[in-house]
Amino acid sequence: MAFAPMGPEASFFDALDRHRASLLAMVTRGAGETPAGATRVASRFDDSVGLRMIPRCTTRKIRSDSPKSVKKFALILKILSMIYKLIQSDTYATKRDIYYTDIQLFGNQAAVDSAIDDISCMLKVPRRSLHVLSTSKGLIAGNLRYMEEDGTRVQCTCNATATAVPTNIQGMQHLITDAKFLLIVEKDATFQRLLDDNFCSRMSPCIMVTGKGIPDLNTRLLVKKLWDTFHIPVFTLVDADPYGVEIMCIYKYGSMSMSFEAHNLTIPTIRWLGLLPSDIQRLNVPKDGLIALTKHDQLKLDSLLRRPYITYQPLWKQELEMMADSKMKAEIQALTLLSSDYLSRVYLPNKLRFGGWI
């Protein structure tokens, strides 16, 4: 069954096809192979994996006879017993489900989340292997169909109604796509605007995903699964500000809090499509669309420039330095000052056609 609708003529995707060929050559050479994870607490950077745990590092003990850790010990013991029952019965529960089983003991959702991460790291298994799932907040649209674990067949579309990212990514089967690229969109508002402008249809075949800001675990797992399955180019569309760049880095290199599972979550082949600080100057975006960096922005930007993975991305570093020098940032919506549909009809198509990613 062929996907619809039809997008641009084949020659439009020449740059994308060349980029994909280089990615496939990298995979064939073995670059990007993911070493085994290790123990939590300390992290290091590996360009082929992202942020990952140091094999031998300082560990933390949780004791039942210590006043400082007795409650944490009780939480972990309680959750371990629930995990045992879930695995034994081959059923799944969300972190929220676990919290509501004993609100008085857990106190708040954050305590449950932290304990589950500790258990996952301690046992050196992905969270889904514990039969504990996260609630998804992400959306997906475009050229993709698959079957869920219960046999439900899902066909994503390019229309304004996007599909929710599944709760059980591991259970997705029989994935099929003809997509030329996958576009990760930082914000839900931008994602919806692109759908309303028929960008997904006009650039077909493609896939679009949004994590609605900082991505949840399932959105990251989905993007990773799509890359591992199809090896299509993956691009990000984020605001030209420090927090947008950090969100992009979470998809590409991971986060400290989940670095013990980096090899299951990161896609170091991700490229930055936009919005680049250099694009703001190149396109003469009106000053009305620019915002001065706040003190928090500047601290975040300084932090990004010191991170080890920026050393591996000299072009990214140049863009961040340009932002630092200008002391200005811009949201993707600033492009509407050029024309209402500039993002979907001019900016992104030109970027994709002529290889405007870094």
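Values in this document were obtained by computation on a predicted structure and should not be read as measured data. The basis for the numbers below is simple: all heavy atoms, side chains too, and nothing from hydrogens, waters or symmetry mates. Residue numbers count from 1 along this sequence.
Across all non-hydrogen atoms, the minimal contact from C200 to G142 is SG-CA, 3.5 Å. Nearest heavy atoms, I87 versus S129: CD1-O, 3.9 Å. Of all heavy-atom pairs between A330 and L275, the closest is O-CD2, 4.1 Å. Across every non-hydrogen atom of F13 and P8, the tightest pair is CZ-CD, 3.8 Å. Scanning all heavy atoms of the two residues, the minimum distance from I98 to I79 falls at CG2-CG1, 4.2 Å. Of all non-hydrogen atoms in P166 and S136, the two that sit nearest each other are O-OG, 2.9 Å.
Note on residues 18-27: no pairs pass salt bridge (charged side-chain N to carboxylate O under 4.0 Å, His left out), not counting sequence neighbours. Residue pairs meeting the ring pair (Phe, Tyr, Trp, His ring centres under 6.0 Å) criterion with at least one member in residues 281-301, sequence neighbours excluded, do not occur. Residue pairs meeting the ring pair (Phe, Tyr, Trp, His ring centres under 6.0 Å) criterion with at least one member in residues 194-228, sequence neighbours excluded, are W227-H231. Legend: side-chain hydrogen bond (donor to acceptor under 3.5 Å, both in side chains) pairs involving residues 232-242, not counting sequence neighbours, sorted by first then second residue: K187-D239.
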Task: Derivation and outcome, side chain to side chain donor-acceptor pair (under 3.5 Å), residues T219 and D216 - done: CA-CA 6 Å; T219 302; D216 59 279; 2.8 Å; yes

- [ ] Let me see the working for I358 and E319 under side chain to side chain contact (heavy atoms under 4.5 Å, CB included), right down to the final yes or no.
- [x] CA-CA 10 Å; I358 59 174; E319 295 291 335; 3.7 Å; yes

- [ ] Take L273 and L237 through the test side chain to side chain contact (heavy atoms under 4.5 Å, CB included) and record every step on the way to the result.
- [x] CA-CA 6 Å; L273 188 65; L237 177 64; 5.6 Å; no

Task: Trace of the side chain to side chain contact (heavy atoms under 4.5 Å, CB included) decision for T266 with I250 - done: CA-CA 8 Å; T266 59; I250 290 173; over 6 Å; no

TODO: Test salt bridge (charged side-chain N to carboxylate O under 4.0 Å, His left out) on D118 and K72 and set out the steps.
DONE: CA-CA 10 Å; D118 285 339; K72 183 79 169 183; 3.0 Å; yes

- [ ] Would you please test D197 and L343 for side chain to side chain contact (heavy atoms under 4.5 Å, CB included) and show each step?
- [x] CA-CA 9 Å; D197 285 353; L343 174 68; over 6 Å; no

TODO: Show your reasoning for whether side chain to side chain donor-acceptor pair (under 3.5 Å) applies to T294 and K329.
DONE: CA-CA 9 Å; T294 65; K329 62 182 180 179; 5.0 Å; no

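Between the side chains of D113 and Q109, at least one donor N or O lies within less than 3.5 Å of an accepting N or O. One side chain, Q88 or Y84, offers a donor N or O that lies under 3.5 Å from an acceptor on the other. For the 3.5 Å distance criterion, the side chains of S120 and D117 fail to qualify, holding no donor opposite an acceptor. Side-chain contact annotation: S344 with D341, donor-acceptor N/O pair under 3.5 Å absent. Donor-acceptor pairing under 3.5 Å is lacking for the side chains of E186 and Y251.
Taken from CD1 in I310 to OH in Y253, the straight-line distance is 7.5 Å, to the nearest 0.5 Å. Distance check, rounded to the nearest 0.5 Å: OG1 of T311 to CZ of R306 gives 12.5 Å. Atom OG1 of T167 is separated from atom CG of L217 by 11.0 Å, given to the nearest 0.5 angstrom. The CG atom of L337 lies 12.0 Å from the CG atom of L283; values are rounded to the nearest 0.5 Å. Remark: C249 SG to L304 CG distance equals 6.0 Å, nearest 0.5 Å. Of the inter-residue distances, the one linking I267 atom CD1 with K225 atom NZ reads 13.0 Å to the nearest 0.5 angstrom.
Residues passing the salt bridge (Lys or Arg N to Asp or Glu O under 4.0 Å) test with D279, sequence neighbours excluded: R282, K351. Scanning for side chain to side chain donor-acceptor pair (under 3.5 Å) contacts around T229 gives an empty result, with sequence neighbours left out. Contacts of R271 classified as salt bridge (Lys or Arg N to Asp or Glu O under 4.0 Å), with partners at least two apart in sequence or in another chain: none. Checked against salt bridge (Lys or Arg N to Asp or Glu O under 4.0 Å), D17 has the following partners two or more places apart in sequence or in another chain: K180. Under the salt bridge (Lys or Arg N to Asp or Glu O under 4.0 Å) criterion, R307 pairs with E246, not counting sequence neighbours. Q173 pairs by the side chain to side chain donor-acceptor pair (under 3.5 Å) definition with nothing, not counting sequence neighbours. With sequence neighbours excluded, the residues that form a ring pair (Phe, Tyr, Trp, His ring centres under 6.0 Å) with W357 are H19, F235. For Y92, the ring pair (Phe, Tyr, Trp, His ring centres under 6.0 Å) criterion is met by H131, not counting sequence neighbours.
Within a 6.0 Å sphere centred on CG of L315, other residues, nucleotides and ligands contribute more than 12 heavy atoms.
No donor-acceptor pair under 3.5 Å is formed between the side chain of N143 and the backbone N or O of T177. Counting only distance, with no hydrogens or angles, the side chain of S326 and the backbone of M322 share a donor-acceptor pair below 3.5 Å. When atom types are taken as modelled, the side chain of D97 and the backbone of A93 share no donor-acceptor pair closer than 3.5 angstrom. Put simply, the side chain of D102 gets close to the backbone of L105: a donor and an acceptor are under 3.5 Å apart. With hydrogens and angles ignored, the 3.5 Å screen pairs a side-chain donor or acceptor of S89 with a backbone N or O of K85. A donor-acceptor pair is defined here as one N or O able to donate and one able to accept, closer than 3.5 Å; such a pair exists between the side chain of S81 and the backbone of K78.
F181 has its side chain out of reach of I232: every pair of non-hydrogen atoms, C-beta onward, lies at least 4.5 Å apart.
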